[in-house]
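Here is the structure we will look at.
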Amino acid sequence: MHIVTYPWWSGRTLPDRCARLLHGCLGLIAITLLPACAWWAPSAESLPRAELLGIREVDRDGGETRYLVTVRLVNPGPRVLRVTGVSCYLHVDGTLAAEGFAGPLAPLPPGAATRFTFEARANVLGSLKLMTGLSARGPRPYRLEVRLHRPWSLMPLALYASGEVSVAK
């Protein structure tokens, strides 16, 4: 087989030149489409919301205290929300007080809300922060971080809620 070379292409063969041209075109397309993906973010109005409904102490086991945390999840978006798992982190006065995980939730239709309860464990420092601080001075400021793990998504969707909380026994 004889490969034809052309002098105006500086000695490169036709297949090499076509491959370079193809790679250049694909690179140009990728560079022009990449900023368009940044504009395609969902609006803040259609993002789900998480609300802390309550926290109740279940029991103490050595250095750990178990709590039942109730969270409400609202889907204001136009599509069904599918959740394969939920990770929750409760910060009280800026300190991580409890963390837990809930399994898959039933698909949440647009405009609907659901309530789920999960068991959270707190270490000694978190238990002291929740029990002594809350009972001594009433409700304390909290920040709840809920990470929704969705099917076919590599990164979880992080939701944040804040307010005041008291622990029920």
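- In this structure, P110 and G77 approach most closely via the heavy-atom pair CB-O, 3.1 Å.
- Scanning all heavy atoms of the two residues, the minimum distance from E145 to H91 falls at OE1-NE2, 4.4 Å.
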I'd like a table of donor-acceptor pairs (distance under 3.5 Å, sequence neighbours excluded) in which one partner is a side-chain atom from residues 79-89, with atom names and distances.
unit_1	atom_1	unit_2	atom_2	d
T84	OG1	H149	O	2.9
S87	OG	H149	NE2	3.0

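- Minimum heavy-atom separation, L144 to L52: CD2-CB, 4.0 Å.
- F116 and L47 fall within a single hydrophobic cluster, where Ile, Leu, Val, Met, Phe, Trp and Tyr side chains are chained together by heavy-atom contacts under 4.5 Å.
- To the nearest 0.5 Å, atom CG of residue L53 and atom OG1 of residue T117 are 8.5 Å apart.
- N75 places no side-chain N or O within 3.5 Å of a backbone atom of G111 that could act as its donor or acceptor partner.
- Under the 4.5 Å side-chain heavy-atom criterion for Ile, Leu, Val, Met, Phe, Trp and Tyr, V74 and L108 are members of distinct hydrophobic clusters.
- The closest side-chain heavy-atom distance from E99 to L90 is not below 4.5 Å.
- Enclosure of atom CZ in R66 by more than 12 non-hydrogen atoms of other residues, nucleotides or ligands within 6.0 angstrom is indicated.
- Taking each heavy atom of P48 and L159 in turn, the nearest pair found is O-CD2, 3.2 Å.
- With hydrophobic clusters built from ILVMFWY side chains whose heavy atoms lie under 4.5 angstrom apart, L68 does not share a cluster with L96.
- Smallest separation of non-hydrogen atoms from Y67 and E57: CD2-CA, 3.5 Å.
- If you chain together hydrophobic residues whose side chains sit under 4.5 Å apart, L105 and V71 fall into the same group.
- The two residues A161 and A50 have their closest heavy-atom pair at CB-O, 3.2 Å.
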